[in-house]
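Just below is one structure, and these are the notes that go with it.
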Amino acid sequence: MSDDLSGIWDGSYIQPGVGMITFTATLAEINGALGGSVTEPCMMPGCPLSTHNASIAGHRSGSAVSFVKHYEPPGYGYDSVTYEGTVNAEATEIDGRWHLPGHSGSFLMIRSSKPAQAVTTEQRAKIPSR
């Protein structure tokens with residue numbers, strides 16, 4: 001598998017008692033190391049934040065993908081979540097499970113057709129201003 005996982009991913013996970021939560025992840029893969037960020041809505045009752053931001057740190061080895069999502073700032077029932085999954089042969093889907101102490105559920109990430117923000121910014125820099 002030569003395709004790396006860098007890019008924008010549309011994802012969802014199932015949280016017991018809440019249901020499906022959607023998120024957008026921006027991943028960067030360098031030599032199997034994964035980093036990136038996630039944005040998702042706060043779905044917990046009484047949450048004072050409308051949107052949660054999180055960072056991702058992990059790795060990929062062949063089709064196995066694992067990472068930890070660290071919410072920034074932590075709190076409101078959100079701190080760190082471990083994800084373990086499998087990327088398909090085309091590197092367009094990652095399917096697996098998330099884990100918290102005493103809780104777990106499924107997740108799915110699909111590579112977005114939207115360009116990554118860094119690429120968009122780089123392309124704008126190449127356009128001459130008039």
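For clarity, every value in this text was computed on a predicted model and none was experimentally measured.
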Item checked: Co-membership, hydrophobic cluster, residues V38 and L100, 4.5 Å side-chain ->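 Yes, same cluster.
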Next item on the list: Give a yes or no on whether I56 and I110 share a hydrophobic cluster (residues Ile, Leu, Val, Met, Phe, Trp, Tyr; joining criterion: side-chain heavy atoms under 4.5 Å apart).
Entry: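 The answer is no; the residues belong to distinct hydrophobic clusters.
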[X] versus [Y], closest heavy-atom pair with distance:
| X | Y | answer |
| --- | --- | --- |
| A25 | M109 | CB-CE, 3.9 Å |
| I14 | W98 | O-NE1, 3.0 Å |
| P16 | S104 | CG-O, 4.0 Å |
| L5 | L27 | O-CB, 3.5 Å |
| D4 | A91 | O-CB, 4.5 Å |
| R111 | W9 | N-CE3, 3.2 Å |

Notebook entry, point to check: In terms of the angle between their ring planes, are Y13 and Y83 parallel, tilted or perpendicular, with boundaries placed at 30° and 60°?
Noted result: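 Ring orientation of Y13 relative to Y83: perpendicular.
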Next item on the list: Flag the pair I8 / T24 as yes when at least one side-chain heavy-atom distance between them is below 4.5 Å, and no otherwise.
Entry: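 Contact flag for I8/T24 side chains = yes.
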Note to self: If you define the side chain from C-beta out and look only at heavy atoms, does anything of T39 sit under 4.5 Å from T51?
What the structure shows: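 Side-chain contact under 4.5 Å: yes.
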Note to self: So for atom NE2, which belongs to H103, do other residues, nucleotides or ligands contribute more than 12 heavy atoms lying within a distance under 6.0 Å?
What the structure shows: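 No, the 6.0 Å shell around NE2 holds no more than 12 heavy atoms from other groups.
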For the [atom1] atom of [X] and the [atom2] atom of [Y], what is their distance to the nearest 0.5 Å?
| X | Y | atom1 | atom2 | answer |
| --- | --- | --- | --- | --- |
| S55 | K69 | OG | NZ | 10.5 Å |
| S6 | I30 | OG | CD1 | 7.0 Å |
| I21 | S12 | CD1 | OG | 10.0 Å |
| L34 | F67 | CG | CZ | 8.0 Å |
| E84 | S66 | CD | OG | 6.0 Å |

Check: Is there a donor-acceptor pair closer than 3.5 Å between any side-chain N or O of N88 and the backbone N or O of E93?
Finding: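 Yes, the answer is positive, given that a donor and an acceptor are paired below the 3.5 Å cut-off.
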Note to self: Could you tell me if R97 and S106 have a donor-acceptor pair between their side chains, going purely by distance under 3.5 Å?
What the structure shows: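 Absent: no donor and acceptor within the cut-off.
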Next item on the list: Check whether the side chains of H99 and T82 place a donor and an acceptor atom closer than 3.5 Å, and report yes or no.
Entry: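 No, no side-chain donor-acceptor contact under 3.5 Å.
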Next item on the list: Would you check, one step at a time, whether the test side chain to side chain donor-acceptor pair (under 3.5 Å) holds for T22 with E40?
Entry: CA-CA 6 Å; T22 60; E40 66 187 59; over 6 Å; no
Note to self: Salt bridge or not between R60 and E29? Use side-chain N to carboxylate O under 4.0 Å.
What the structure shows: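 Looking at R60 and E29, the cut-off is met.
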Next item on the list: Check the pair V81, V68 against side-chain contact (heavy atoms from CB on, under 4.5 Å), reporting the backbone distance first and the verdict last.
Entry: CA-CA 6 Å; V81 183; V68 177; over 6 Å; no
Note to self: Determine whether Y71 and D79 satisfy the following criterion, side-chain contact (heavy atoms from CB on, under 4.5 Å), listing intermediate values before the conclusion.
What the structure shows: CA-CA 5 Å; Y71 286 94; D79 292 306; 5.8 Å; no
Item checked: side-chain contact (heavy atoms from CB on, under 4.5 Å) assessment of L108 paired with I94 -> CA-CA 6 Å; L108 175 65; I94 304 170; over 6 Å; no
